[in-house]
Participant: 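Take this structure first; my questions come after.
Counting starts at 1 for both ligands and their atoms, in listed order.
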Amino acid sequence: MIEFRGVTKQFPDGTVAVHEVDIVIPPRKTTVFVGSSGSGKTTLLRMINRMVDPTLGQVLIDGTDVATVDPVALRRSIGYVMQNAGLLPHRRVIDNVATVPLLRGVSKREAHAHALELLDTVGLDRSLADRYPSQLSGGQQQRVGVARGLAVDPNILLMDEPFGAVDPIVRAELQQELLRLQGELGKTVVFVTHDIDEAFLLGDQVVILQQGGFISQAASPAEILANPADAFVADFVGADRGKRALHITDVDGRQVVVDGDGRPAGVLTS
Ligand SMILES: Nc1ncnc2c1ncn2[C@@H]1O[C@H](COP(=O)(O)OP(=O)(O)OP(=O)(O)O)[C@@H](O)[C@H]1O
């Protein structure tokens, strides 16, 4: 379990990125931070592995304040996947995946064998292992980024807009892959996005942030849709514009569910 207790982050230039955040991130579930640009999502995420330290308050992992843990050791024990995959361009795919285990002292043979298994896990052919990142598609690079994040077998996987830079079709594939992986691996995933649809698809818990790093609501997608905490949330999730309002129409005796834009969403069965 990860817990933020009264966490505020003010940068030296005076910008308050995160304001008095209290939140519990349950284990083995996916929690998504969602909000518009500059609402403090990345800053919150980076406080988990001490890439950023809070100005006030505490971040605890299983009851231990991360401020008491060596930052390098902490970072090497937590998976981190970033936008554009963040791969090292002059290193082969297999070396990119094996980077952190090698730094932790795992033998090269073992690290490479595990890296090949991880390519299987993320749905990449092992024949790609010897390529360089520039010889892969954007979606393949992201998968390598996920494999690298999983390479130390972390309990916690941090993902910062990992699918932001790929086209919508590849993005939908990667989202489904993450759902599959999460079903198999059961990591504590903390995922950042500015896309509410992605948040609702992936999140067991969705945390909606406003400018200034305030949490408007933290709940399951169903709870947020049913009971948006305030007008900001209602607007952000599109509830008040009828975007997500579903209704039922009768087509040849079958009840078809149609969304606010008139698109069929499914058929009602009893
Ligand atoms: N090192 C820094 N120094 C000063 N201000 C910063 C620093 N890093 C972030 N900020 C500011 O803190 C606020 C929150 O930034 P953050 O990157 O956490 O937001 P975000 O929600 O992740 O945004 P985006 O979706 O654009 O990545 C912004 O106003 C940003 O300009």
Participant: Can you pull out the closest protein heavy atom to atom 12 (O) of ligand 1? Residue, atom name and distance to 0.1 Å, please.
Facilitator: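 Result for atom 12 (O) of ligand 1: Ala17 CB, 3.3 Å.
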
Participant: Give a yes or no on whether a salt bridge exists between Asp195 and Arg171, defined as a side-chain N under 4.0 angstrom from a carboxylate O.
Facilitator: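 Yes.
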
Participant: How close does the nearest protein non-hydrogen atom get to atom 19 (O) of ligand 1, and which residue and atom is it?
Facilitator: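 Answer, as residue, atom name and distance: Gly40 N, 3.2 Å.
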
Participant: Is it true that atom CD1 of Ile169 has more than 12 heavy atoms of other residues, nucleotides or ligands lying nearer than 6.0 Å?
Facilitator: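 Check fails, neighbour count at 12 or below.
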
Participant: Determine whether Met51 and Met159 fall in the same hydrophobic cluster, where Ile, Leu, Val, Met, Phe, Trp and Tyr are linked whenever their side-chain heavy atoms lie under 4.5 Å apart.
Facilitator: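 No, no single cluster joins them.
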
Participant: For ligand 1, which is the ligand I care about here, please tell me if Phe11 has any N or O atom under 3.5 Å from one of the ligand's N or O atoms.
Facilitator: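 The answer is no, given that Phe11 and ligand 1 share no N or O pair closer than 3.5 Å.
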
Participant: State whether any protein heavy atom lies less than 4.0 Å from atom 30 (C) of ligand 1.
Facilitator: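 Within 4.0 Å: no protein heavy atom nearby.
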
Participant: Of the non-hydrogen atoms in Leu202 and Leu178, which two are nearest, and what is the gap between them?
Facilitator: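 Here Leu202 and Leu178 meet closest at CD1-CD2, 4.0 Å.
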
Participant: Taking the six-membered ring for Trp, are Phe191 and Phe163 closer than 6.0 Å centroid to centroid?
Facilitator: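 Yes, the ring centres sit under 6.0 Å apart.
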
Participant: Would you mind telling me if ligand 1 is within reach of the side chain of Thr42, the backbone, both or neither, using heavy atoms under 4.0 Å?
Facilitator: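 Contact part for Thr42 vs ligand 1: both backbone and side chain.
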
Participant: Tell me the protein heavy atom at minimum distance from atom 26 (O) of ligand 1, and give that distance in Å.
Facilitator: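 Among all protein heavy atoms, the one nearest atom 26 (O) of ligand 1 is Ser37 OG, 2.6 Å.
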
Participant: What's the shortest distance from atom 11 (C) of ligand 1 to any protein heavy atom, and which residue and atom give it?
Facilitator: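 Residue, atom and distance for the closest contact: Thr15 CG2, 3.7 Å.
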
Participant: Identify the closest protein heavy atom to atom 23 (O) of ligand 1: which residue and atom is it, and at what distance?
Facilitator: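 Sorting protein heavy atoms by distance from atom 23 (O) of ligand 1 puts Gly38 N, 2.8 Å first.
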
Participant: Taking only heavy atoms of Thr43 into account, list the atoms of ligand 1 that are under 4.0 Å away from them.
Facilitator: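 Counting from 1, the qualifying ligand atoms are 15 (O), 16 (P), 18 (O).
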
Participant: Salt bridge or not between Arg126 and Asp120? Use side-chain N to carboxylate O under 4.0 Å.
Facilitator: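 Yes, charged N to carboxylate O under 4.0 Å.
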
Participant: Number the atoms of ligand 1 from 1 as they appear, then name those within less than 4.0 Å of a heavy atom of Ser36, with their elements.
Facilitator: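 Those of ligand 1 that fall under 4.0 Å from Ser36 are 21 (O).
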
Participant: State whether Arg75 and Asp70 are salt-bridged, where the test is any N-O pair (Lys NZ or Arg NE/NH1/NH2 against Asp/Glu carboxylate O) under 4.0 Å.
Facilitator: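 Salt bridge: no.
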
Participant: Nearest protein heavy-atom contact for atom 25 (O) of ligand 1: which residue, which atom, what distance?
Facilitator: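 Checked against all protein heavy atoms, atom 25 (O) of ligand 1 sits closest to Lys41 NZ, 2.8 Å.
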
Participant: Right, does atom 8 (N) of ligand 1 have protein non-hydrogen atoms nearer than 4.0 Å?
Facilitator: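 Yes; the ligand atom in question has protein heavy-atom contact below 4.0 Å.
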
Participant: Is there side-chain contact between Ser220 and Asp204, with at least one heavy-atom pair below 4.5 Å?
Facilitator: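 No, side chains not in contact.
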
Participant: Heavy atom of Gly35 under 4.0 Å from ligand 1?
Facilitator: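 Flag not set, Gly35 not near ligand 1.
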
Participant: Can you tell me if Asp252 has over 12 outside heavy atoms packed within less than 6.0 Å of its CG?
Facilitator: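 No.
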
